[in-house]
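Order of listing sets the numbers, starting from 1, for every ligand and every atom in it.
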Amino acid sequence: MAGLRGALIVLEGADRAGKSTQARRLVEALKERGYRTEGLRFPERTTEIGQLIGSYLEKKSNLEDHTIHLLFSANRWEQVPMIKEKLRSGITLVVDRYAFSGVAFTSSKENFDLHWCKQPDVGLPKPDLVLFLKVSPEVAATRGGFGNEIYETNSFQEKVAKRYAQLMDDKTVNWKLVDASQDIENVHQQLKELSEKAIDDAKDQPIGKLWE
Ligand code: ADP
Ligand code: 2DT
Ligand code: MG
């Protein structure tokens with residue numbers, strides 16, 4: 001019998017919703033429960049493509065809007081062989097942002113539609129679970145101000161929130177909405193429960209293809 005695979009679990013949500021905090025805690029908790037688990041993040045700024053993205057986000061270089069969109073997607077595709085290998089070897093991956101961020105952010109720019117923005121990511125490994133951390137802009141504001149990166153403004157983040165809502169209408173993706181205005185521990189417990197169920201459900205299923 002083939003070995004059991006790991007699950008692909010993605011965290012999405014607005015700036016300061018707690019994605020990075022919860023992703024770290026989730027990896028540790030799942031490991032403690034005996035699941036082989038590793039964390040990933042997108043953008044992955046350490047690769048050559050990731051360095052171009054980092055420089056764009058930090059406003060150190062300007063890139064044409066289609067170009068940066070395709071670079072974000074390429075930054076996922078370059079990790080796909082590794083992602084598949086790990087999932088197939090039984091490792092669960094907890095991912096801080098994925099293609100949904102890619103689409104929500106670029107489609108919030110002038111003259112970009114959701115359909116065009118999704119195309120480069122069609123066929124990526126499909127997440128078994130997408131945890132959407134929902135927080136109001138008011139609550140997010142209590143968690144500190146914006147940094148200096150390119151998308152960190154109220155007006156842009158409002159558009160991004162609307163695009164996420166449109167993406168969540170897609171029932172082919174296993175979205176779970178979590179109230180991320182609760183304290184860190186409560187959010188964590190919910191994410192852990194949902195993740196353990198997803199790991200159990202995914203273990204003998206083939207890896208799916210996103211948006212196909
Ligand atoms: P994101 O990765 O979604 O932008 P972070 O995990 O970096 O968010 O969290 C942003 C800030 O908010 C950090 O200072 C973090 O400690 C704090 N934080 C995260 N989750 C909560 C929570 N549930 N309640 C209060 N503060 C939180
Ligand atoms: P953080 O490193 O703080 O999460 O910010 N983004 C991300 C895109 O525009 N497209 C993408 O495909 C991805 C993964 C969201 C990273 C910033 O980059 C944006 C915020
Ligand atoms: Mg983060």
Exercise for the section: Say whether Arg76, considering both its backbone and side-chain N or O atoms, lies within less than 3.5 Å of an N or O atom on ligand 2. Expected result: yes
Practice task
Decide whether an N or O pair under 3.5 Å exists between Lys19 and ligand 1.
Solution key: yes
Fill in the blank from the handout: Correct closest heavy-atom pair for Ile150 and Lys59 would be CA-CE, 3.7 Å
Handout entry: Lys19/Asp96 ion pair, N-O < 4.0 Å
Key = no
Practice task
Can you pull out the closest protein heavy atom to atom 5 (P) of ligand 1? Residue, atom name and distance to 0.1 Å, please.
Solution key: Thr21 OG1, 3.6 Å
Handout entry: Mode of Ile53 contact toward ligand 2 - side chain, backbone, both, neither (heavy atoms, under 4.0 Å)
Key = neither
Practice task
Would you kindly specify which portion of Ala14 sits under 4.0 Å from ligand 1, judged on non-hydrogen atoms: side chain, backbone, both or neither?
Solution key: backbone
Practice task
Examine Gly18 against ligand 1 and note whether any of their N/O atoms are separated by less than 3.5 Å.
Solution key: yes
Fill in the blank from the handout: A student checking ligand 1 against Asp183 at a 4.0 Å heavy-atom cut-off should list atoms 23 (N)
Practice task
Check each atom of ligand 2 against the heavy atoms of Gly102 and keep those under 4.0 Å away; list them by number with element.
Solution key: 10 (N), 11 (C), 12 (O)
Problem - Test item: protein heavy atom less than 4.0 Å from atom 13 (C) of ligand 1 - result: no
Exercise for the section: Identify, by atom number and element, the atoms of ligand 2 in contact range of Pro43, meaning under 4.0 Å from any of its heavy atoms. Expected result: 7 (C), 14 (C), 16 (C)
Handout entry: Heavy-atom neighbours of Asp183 CG exceed 12 at 6.0 Å
Key = yes
Practice task
Please report the shortest heavy-atom distance between Val187 and Asp179, naming the atom on each side.
Solution key: CG2-O, 3.7 Å
Completion exercise
shortest atom 23 (N) of ligand 1-to-protein heavy-atom contact is with Gln182 O, 2.9 Å
Practice task
Specify side chain, backbone, both or neither for Ser20, according to which of its non-hydrogen atoms lie closer than 4.0 Å to ligand 2.
Solution key: neither
Problem - Any side-chain donor near an acceptor of the partner, Tyr98 and Lys126, under 3.5 Å - result: no
Fill in the blank from the handout: Heavy-atom closest pair (Leu129 atom, Leu194 atom, distance to 0.1 Å) is CD2-O, 3.6 Å
Handout entry: Heavy atom of the protein closest to atom 18 (N) of ligand 1 (residue, atom name, distance)
Key = Arg143 CD, 4.0 Å
Handout entry: Nearest heavy atoms of Asn75 and Glu44, plus distance in Å
Key = OD1-N, 2.8 Å
Problem - Distance from atom 4 (O) of ligand 2 to nearest protein heavy atom, with residue and atom - result: Arg97 NE, 2.6 Å
Handout entry: Nearest heavy-atom neighbours spanning Arg76 and Gly102
Key = NH2-CA, 3.9 Å
Handout entry: Asp96, portion touching ligand 1 at heavy-atom distance under 4.0 Å
Key = neither
Completion exercise
heavy-atom search around atom 20 (N) of ligand 1 in the protein gives Ile184 CG1, 3.6 Å
Problem - Close N or O approach (Arg16, ligand 1; < 3.5 Å) - result: yes
Exercise for the section: Tell me, please: is Ala17 in heavy-atom contact with ligand 1, that is, under 4.0 Å? Expected result: yes
Fill in the blank from the handout: Closest to atom 13 (C) of ligand 2 (heavy atoms only, candidates Phe72, Phe100, Tyr151) is Phe72
Handout entry: Under 3.5 Å: donor-acceptor pair, side chain of Gln22, backbone of Gly18
Key = no
Problem - N, O or S of Ser20 under 2.8 Å from the Mg ion (ligand 3) - result: yes
Practice task
May I ask you to identify, for Phe42, whether its side chain, its backbone, both or neither come under 4.0 Å of ligand 2 on a heavy-atom basis?
Solution key: both
Problem - Non-hydrogen atom of Lys19 closer than 4.0 Å to ligand 2 - result: no
Practice task
Name the option, out of Glu44, Arg45, Glu152, that contains the heavy atom nearest to atom 5 (O) of ligand 2.
Solution key: Arg45
Exercise for the section: In plain terms, say whether Glu28 and Lys31 are close enough for a salt bridge, that is, a side-chain N and a carboxylate O under 4.0 Å apart. Expected result: yes
Exercise for the section: Look at the rings of His66 and Trp116 and say which category their plane angle falls in: under 30° parallel, 30 to 60° tilted, over 60° perpendicular. Expected result: perpendicular
Problem - Note: Lys118-Asp121 ion pair, threshold 4.0 Å (strictly below) - result: no
Handout entry: Minimum heavy-atom distance between Ala74 and Ile49, given as atom pair plus value
Key = CB-CD1, 3.9 Å
Practice task
Assert yes or no for the condition that the ring centre distance of Trp175 to Phe100 is strictly below 6.0 Å.
Solution key: yes
